[in-house]
Protein chains: 2
Amino acid sequence: MDTAQQQGNGRGVGQRAGLTRDAVVRAAREILDTDGYPALSMRSLARALGVRPNTLYSHVSDKLELVDALLDDRLGAVVISRSRDPQRRVRDMMRSTYDVLVGTPGLVPLYLTRQGASGENAQRLGRALRADLGELGLPEAQRQPALSTLVVHTIGFAAYATADPARDDARPARPAAEARAEFHRSLDWLLDGMLSRDGARAASGAPDAGSEDPARGRG
Amino acid sequence: MDTAQQQGNGRGVGQRAGLTRDAVVRAAREILDTDGYPALSMRSLARALGVRPNTLYSHVSDKLELVDALLDDRLGAVVISRSRDPQRRVRDMMRSTYDVLVGTPGLVPLYLTRQGASGENAQRLGRALRADLGELGLPEAQRQPALSTLVVHTIGFAAYATADPARDDARPARPAAEARAEFHRSLDWLLDGMLSRDGARAASGAPDAGSEDPARGRG
DNA sequence: CTTGTTAACTGTACGTTGTCCAGTTATGTT
DNA sequence: AACATAACTGGACAACGTACAGTTAACAAG
């Protein structure tokens, strides 16, 4: 943090600004926190760094790569629970994930689009959760499905909570605390269903025959 | 369908093309089906209709409005289940929703962003589901939360299933049938947890004290 | 059958985006 | 002290959504 990121735009051609990939990601995160995702463009980011837009491509190959870096970066803020009860651990980590995601609204849909960020932090979190699910008695083969179920559910709720409501209808934009409580409840439902023997039965051996063939899209 | 939508670009100024808002939406849906969401721009849509881009603004106020129309349009393909068992009805409708959503990959994240489309079809589906949830014994106050839980969960899974995997890692891109089965299982879990008395207890009166304060994002 | 109003269209253009190409030159290596 | 590397600039391209000001076809009213 010695020579970098002052916005000194009075720099001639060939003069270095001392950027690093990390500095770029960090600056992007700052824009994200301050002005939200729509305000994050390669150009605004370059401007914030006192640099021409194309310069960024020396440190990041793509906007997509930058976004991926941001996604995983965020996941570093999720706390790995240290509770004694494994179910409580899972619950707390998912709650924490939700809170972190809701903290950066515009980014959330991208977690879905990018299949949940496969970076370092994501893997660390995934390992912890898988271990806990194993400890909770889920057979090996069901752990990964259960994990992505939890993750997708959580991201989905975060995305929904941070969505801007449709412009035309005047729904009063439900407060964040309420959305959070709703997520907590649904998470309990999901965990209950997932971990109860009943749930296991319904999942594997339920009479699926006689289903009325729920038309796979007709348009 | 008499005078419209042939791509006769040899039309002078002031000459009408006979467009209607419906024709525009229909053409947009076609582009969506054929070439996917990224290929849908106001300009490509105009090109497909044999018209200049700004013409579209006579029929649609915005791209956002167009997208909203498309979102709800899609939901029209969801089949309202007629099964005898209300839980089966709910399950089938959510499954159908999933199938429909997966049918238009690029559109799915927008359902989250736009808070699930509040158009005519969405409301029809919502009414049916709420009624069934009532029939299943959920108290009035819990129906709406339960409904959005189901919806968010379903959209989340559809979004995840249709996401293009991160470019760098070579995960073998799990087949669609597998993703579908996974969704079915998770939906059963969720319904089980939601409708069991156990679930109700865990949701309302569980000892939430003593939680280790799952840090709400630390930076 | 004329007249006037409305709204569907075109032409043009603005500002924005991500990204590429061809240079320049500071920096680290030999 | 000469050289390779890579961090930068200048400029540009193709695409995007959308606005403004015209032209004129279609329709209602007289």
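So you know, we letter chains A, B, ... as the sequences are listed, proteins then strands, and number each from 1. As the structure is a computational prediction, the values presented were derived from the model and not from experiment. Side-chain atoms are counted along with the backbone in the values below, which use heavy atoms only and exclude waters and symmetry mates.
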Send over the distance from A:Met42 CE to D:dA14 C1', rounded to a whole Å. 17 Å
What is the separation between atom CD on A:Glu65 and atom C1' on C:dT19, rounded to the nearest whole Å? 14 Å
Taken to the nearest whole Å, CZ/A:Arg43 to P/D:dC13 is 14 Å
Do other residues, nucleotides or ligands put more than 12 heavy atoms under 6.0 Å from A:Glu135 CD? yes
Just N and O in the side chain of B:His59: are any of them under 4.0 Å from OP1 or OP2 of C:dA7? no
Parallel, tilted or perpendicular: rings of A:Tyr98 and A:Phe183 (30°, 60°): parallel
d(OH, B:Tyr37; C1', D:dC16) in whole Å: 12 Å
Using atom CG of B:Asn54 as one end and atom P of C:dA13 as the other, report the distance to the nearest whole Å. 13 Å
For a quick test of reading the model: is some side-chain N or O of A:Ser58 closer than 4.0 Å to OP1 or OP2 of D:dA6? no
Within the 3.5 Å criterion, strictly below it, is a donor on B:Ser44 or B:Ser41 matched to an acceptor on the partner's side chain? yes
Choosing from C:dT17, D:dG17, C:dA8, which nucleotide comes nearest the side chain of B:Arg16? C:dA8
Does C:dG11 have its OP1 or OP2 closer than 4.0 Å to a side-chain nitrogen or oxygen of B:Arg52? yes
Nearest whole angstrom, please: distance from the C1' of D:dC8 to the CG of A:Leu19. 9 Å
Can you measure A:Leu56 atom CG to C:dC20 atom P for me and round it to whole angstrom units? 13 Å
